[in-house]
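Notes follow once the structure below has been shown.
Note on naming: letters A, B, ... go to the chains in the order of the sequence lines (proteins, then strands), and numbering restarts at 1 for each one.
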Amino acid sequence: MNLIKKLKNLFTFNPDVEGEIRYKILKRNLVAIMLTVTFTPLLIMAFINYIEFKKTMFKEIISPMHAIVAKAKHSMELFLAERLAILNFVSKAYSYEELSRPEKLIEVFSAMKSELRGFVDIGVIDHHGIQINYVGPYDLMRKDYSQQSWFQEVIIKGSYVSDVFMGYRKFPHMVIAVENSLKSGTSWILRATIDTDLLNSILQSMSLDQEGDAFLINKDGVLQTPSKYYGSVLNKIPFKIPPISYQPTVTEIEDNSGNVFFMTYVYLAHPNLILILSKPYHGVLRAWTALKSEILALFIGGTFLIIFVVIKVTDIFVTKLKESDEKREAAFRELQHHHKLSSLGRLAAGVAHEINNPLAIINEKAGLILDLLPNLPKHQYNNKLETLTKEIVKSVKRCKNITHRLLGFAKRIDVQLEKIDINDLIKEVLTFIEKEALYKNIDLQLDLDESVPTIISDRGQLQQVFLNILNNAFDAISEGGIVEIKSEHKDHNFIAVSIKDNGHGMDEETIKHIFEPFFTTKKIYGTGLGMPITYGIIKKLGGDIQVKSEVGKGTIFTVYIPIKSSTISQ
Amino acid sequence: MNKKIRLLLVDDEEEFVKTLAERLELRGFKTLIALNGGEALEILETEEVDIIILDLKMPGISGLDLLRTIRHEKNNIPVILLTGHGETKDGIQGMKLGAFEYLMKPIEIDMLLQKIGEAYEEKHL
């Protein structure tokens, strides 16, 4: 149960957890999931590749060794077989008598030598083991072989191939011999010596690399050809002789000095020798080691790259998520705040409206008392009554200010956007105050730019703004003042309306505080809210308002209104 | 005033309108009272009225509706609007419909008297 919940949390990113820690957990989980998902197949692939590569590599190394050894075996066997065959042929083709003649043997031997290389000498041996004829570099005429083991062997087996040996010739060679019989049944033997240097050259011709070593040994582990690592002919090899196998076989050997070799060997059928091809293990595996380190480097590089990318991507993702969460929360809070204000505003408007009616009644009743008081007979309380009633009227006036403030507050909250021709709007506002202008003898001058574009804004609120500013202007000027209203198209984002009066103007201190709530210069009836409300509305509609004023000369209010108001509320 | 100015007060708030009427009578005006639009139209049919003082917010026929009806009948009697609601929009609409002035409740009697005087003057220019 717990595990399932944990797993679920891993993928739903812990909705129960709040705050900063949630994003840390989310990031950790994402990194863990992504790394698991990417590394598991990577590791499996790397492992499989490793195994497969290893297999292939060994095959690549072994099979050429196999092939070389098999080919060399064939060449060597052929080498001996050919020489044995020609010797056999000579013994059959020529009679014992013919071959006993020195000049004949010289002729035959030179023919043999011209046909096949490697023959050193040749001799004819009678059944007593005495060499009765000899052609070669040594003085072996009349040499007695009867006591030598090979003589017995060739008599019995019909042919003989010796091991390689130095003998008194002082170079590695081997002896081959074939037996033949006279008509009388007496055996005679044709014997030849072969320079085994030729075997060596066959080994040399096996395409060996620098580290490779190829040599022949006999059954006793004695070198028949020189070895790169184990010295010259007739040295004993420093390792165990491998078991009999007539197929090329691969094995690992360790010599007495502890060097490990990769060895391919084969037993030759004829001569009775073992062909060995060996390579140092480290050399064989160098390619594999290189490949292995390449794979490893690739793996490590890939690992770092993946970790880096995963962490970076997760970081970006989580940061974006966090930002958008925060934005959403902020928007939600703002909306909540707006709703709260909005309902508060509606409540305020309702209260203001409801209170206003009884207030009007109180006002009239008190007014009537004041009207009637002078008609009362003189009484000691008459004055007191008048004072009291005037207090009531004064209080009503205060209440009126309060309800108007509440209504103003309520009105500021909701913005309703519509298409507005600012010049029309100004004219509408003017209908509202032109009577007052007339009676105050104020000269209203209009300079409206007809090319001003239609704007999207809140009609009621803009009316309020201009009304407030115009009321202020009217208050500032005495009889016969001038108020100029000018509209213009500022740039492609804003239009501007400026209202200029030639009234008493304001000092710097007043200008500084003009948009602060409850700051008023109209000592008795000002609410101190007109300008702050105006400022608030304009800001809310995305515009701006500027004041320039000089004491005694007048004031200019310039209102900048965006052509398209956003609905951002405060 | 040589001749008594005849005022028609239209307001659903009876206590308010009666008291206001009494105060205006004390100041030498002749007042007629209507508690709704219907009554006002009836009075207008039978009586001669110089100035109408009209509340904008009334149940049934609203002040603006009544103003529209009066103007529709080509009746150019000056109308001073009253309302408890400080809606600039309603005020401006009333002015567009040809109201003479717009005052917010609670009103100051001196201000009302001044506006009545101005309206009467304008009518008799």
Side-chain angles (χ1 to χ4, degrees), chain A residues 349-350 352-375 393 395-401 403-411 416 424-425 427-436 438-439 458-468 525, chain B residues 9 11-29 31 53 55-59 78 80-115 117-119 121-122 125:
Chain A
H353 189 65
E354 286 309 312
I355 283 182
N356 224 33
N357 278 332
L359 214 51
I361 296 168
I362 295 169
N363 192 46
E364 295 316 315
K365 299 280 182 196
L368 186 55
I369 293 172
L370 282 177
D371 290 348
L372 296 175
L373 266 178
N375 303 334
V393 174
S395 297
V396 167
K397 209 167 180 177
R398 275 175 64 190
C399 285
K400 180 182 164 180
N401 276 340
T403 54
H404 281 190
R405 244 188 275 172
L406 278 174
L407 284 168
F409 166 71
K411 269 189 296 175
Q416 290 169 323
D424 282 356
L425 186 128
K427 283 175 202 159
E428 271 172 24
V429 174
L430 288 180
T431 60
F432 194 40
I433 55 157
E434 61 193 359
K435 294 269 159 44
E436 196 182 341
L438 198 63
Y439 287 103
D458 185 302
R459 179 178 292 273
Q461 307 231 26
L462 282 180
Q463 284 170 345
Q464 177 101 33
V465 164
F466 293 123
L467 206 58
N468 281 351
Y525 55 93
Chain B
L9 309 183
D11 198 320
D12 60 316
E13 200 69 60
E14 197 174 348
E15 280 301 321
F16 170 79
V17 77
K18 278 187 174 163
T19 315
L20 182 61
E22 203 177 337
R23 296 186 75 192
L24 290 169
E25 294 263 347
L26 280 174
R27 284 164 176 77
F29 294 97
T31 57
I53 296 167
D55 188 22
L56 276 176
K57 287 251 169 181
M58 284 190 298
I80 294 170
L81 297 174
L82 298 184
T83 184
H85 199 292
E87 256 293 311
T88 319
K89 257 188 176 173
D90 285 353
I92 286 174
Q93 214 179 340
M95 299 298 282
K96 270 174 151 178
L97 286 170
F100 177 77
E101 192 51 275
Y102 172 96
L103 292 176
M104 273 182 258
K105 281 194 199 173
I107 47 169
E108 285 167 53
I109 192 82
D110 292 339
M111 179 66 84
L112 181 61
L113 291 175
Q114 191 193 328
K115 296 300 170 196
E118 287 169 8
E121 258 180 53
E122 194 185 74
L125 270 179

For B:Gln114, check side-chain hydrogen bond (donor to acceptor under 3.5 Å, both in side chains) against everything at least two apart and list the hits. B:Glu118
Relative to chain B, which of A:Asn375, A:Val396, A:Asn363 shows the most heavy atom pairs under 4.5 Å? A:Asn363
If you count heavy-atom pairs under 4.5 Å with chain B, which of A:Ile362, A:Ile355, A:Leu368, A:Leu372 comes out on top? A:Leu368
Are the side chains of B:Arg27 and A:Asp371 in touch, meaning some heavy atoms are under 4.5 Å apart? yes
Residues which pass side-chain contact (heavy atoms from CB on, under 4.5 Å) with A:Leu370, listed by chain and number, not counting sequence neighbours: A:Leu373, A:Glu386, A:Thr389, A:Lys390, A:Val393
Under 4.5 Å between any side-chain heavy atoms of B:Lys105 and A:Asn357, yes or no? yes
Give, for atom CE of B:Met104 and atom NZ of A:Lys400, the distance between the pair rounded to the nearest 0.5 Å. 7.0 Å
When B:Asp11, B:Ile109, B:Leu26 are compared by non-hydrogen pairs under 4.5 Å with chain A, the top option: B:Leu26
Checking heavy-atom separations under 4.5 Å from chain A, one finds in residues 13-20 of chain B B:Glu13, B:Glu15, B:Phe16, B:Thr19, B:Leu20
side-chain hydrogen bond (donor to acceptor under 3.5 Å, both in side chains) partners of A:Lys427, counting only residues at least two apart: none
Interatomic spacing from CD in A:Glu364 to CZ in B:Arg23 - rounded to 0.5 Å: 5.0 Å
Measure across A:Ala360 and B:Pro106 and return the closest heavy-atom pair with its distance rounded to 0.1 Å. CA-CB, 3.9 Å
